[in-house]
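Notes to accompany the following structure.
Throughout, residue positions are numbered sequentially from 1 according to the sequence presented.
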Amino acid sequence: MAKVEIVVGGMSCGMCQSAVQEALSGVEGVCEAAVDLEGGRATVVFDEGTTNLGALRAAVEGAGFDTG
C-alpha cells in the first residue's frame, strides 16, 4: 500500500469536499480517502498494483477540481 497527499484547488464547501472524497473513493484500488477542506488536501491510501497517482489526480480533475 502507498499513501499520497494531493493538493486540491477549488474546494469551497462541504459539498466540494464530499465530491472529491467520492471521486477518489471510486477509483479501483483506493482503500482510504480523507479530504481536508480547510487545508485543500486529500490523503489517499491505495494499492500501487491497481492504481497510481495519475489516476487519482484524473479522478479529482474529473470531479471539477484542480490538482497541484
Side-chain angles (χ1 to χ4, degrees):
M1 292 294 162
K3 184 176 183 179
V4 68
E5 189 172 89
I6 301 170
V7 174
V8 181
M11 293 190 299
S12 60
C13 65
M15 294 286 285
C16 296
Q17 180 181 16
S18 294
V20 172
Q21 183 148 347
E22 185 176 316
L24 288 168
S25 295
V27 175
E28 185 177 354
V30 171
C31 301
E32 182 182 331
V35 181
D36 176 10
L37 176 61
E38 287 185 22
R41 299 183 182 281
T43 303
V44 187
V45 177
F46 63 99
D47 178 356
E48 291 175 289
T50 306
T51 193
N52 57 46
L53 179 58
L56 300 174
R57 287 180 187 248
V60 172
E61 291 168 1
F65 300 91
D66 299 321
T67 59

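- In this structure, Asp66 has no side chain to side chain donor-acceptor pair (under 3.5 Å) partners at least two apart in sequence or on a different chain.
- Every pair passing side-chain hydrogen bond (donor to acceptor under 3.5 Å, both in side chains) that includes a residue from residues 51-63 is listed here, sequence neighbours excluded: Glu61-Thr67.
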Name each donor-acceptor pair under 3.5 Å that joins a side chain in residues 14-23 to protein atoms two or more places apart or in another chain, with its distance.
unit_1 : atom_1 : unit_2 : atom_2 : d
Gln17  : NE2    : Val35  : O      : 2.6
Ser18  : OG     : Gly14  : O      : 3.1
Gln21  : NE2    : Ala33  : O      : 3.0

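- Qualifying side chain to side chain contact (heavy atoms under 4.5 Å, CB included) partners for Ala2, counting only residues two or more places apart in sequence or in other chains: Phe46, Glu48.
- Using a 4.5 Å cut-off between side-chain heavy atoms of Ile, Leu, Val, Met, Phe, Trp and Tyr, with links allowed through other members, Met11 and Val7 fall into different hydrophobic clusters.
- Between Val27 and Ala55 the shortest heavy-atom distance is CG2-O, 4.4 Å.
- Cluster partners of Val45 are Met1, counting Ile, Leu, Val, Met, Phe, Trp and Tyr whose side-chain heavy atoms approach within less than 4.5 Å, directly or via other members.
- Taking both residues in full, the closest heavy atoms of Leu24 and Ala42 are given as CD1-CB, 3.7 Å, listed atom of the first, atom of the second, then distance.
- Sequence neighbours left out, the pairs with a member in residues 27-44 that pass side-chain hydrogen bond (donor to acceptor under 3.5 Å, both in side chains) are Glu5-Arg41.
- Summarising the geometry of Val4 relative to Leu53, their closest heavy-atom pair is CG2-CD1, 3.9 Å, with the distance given to 0.1 Å.
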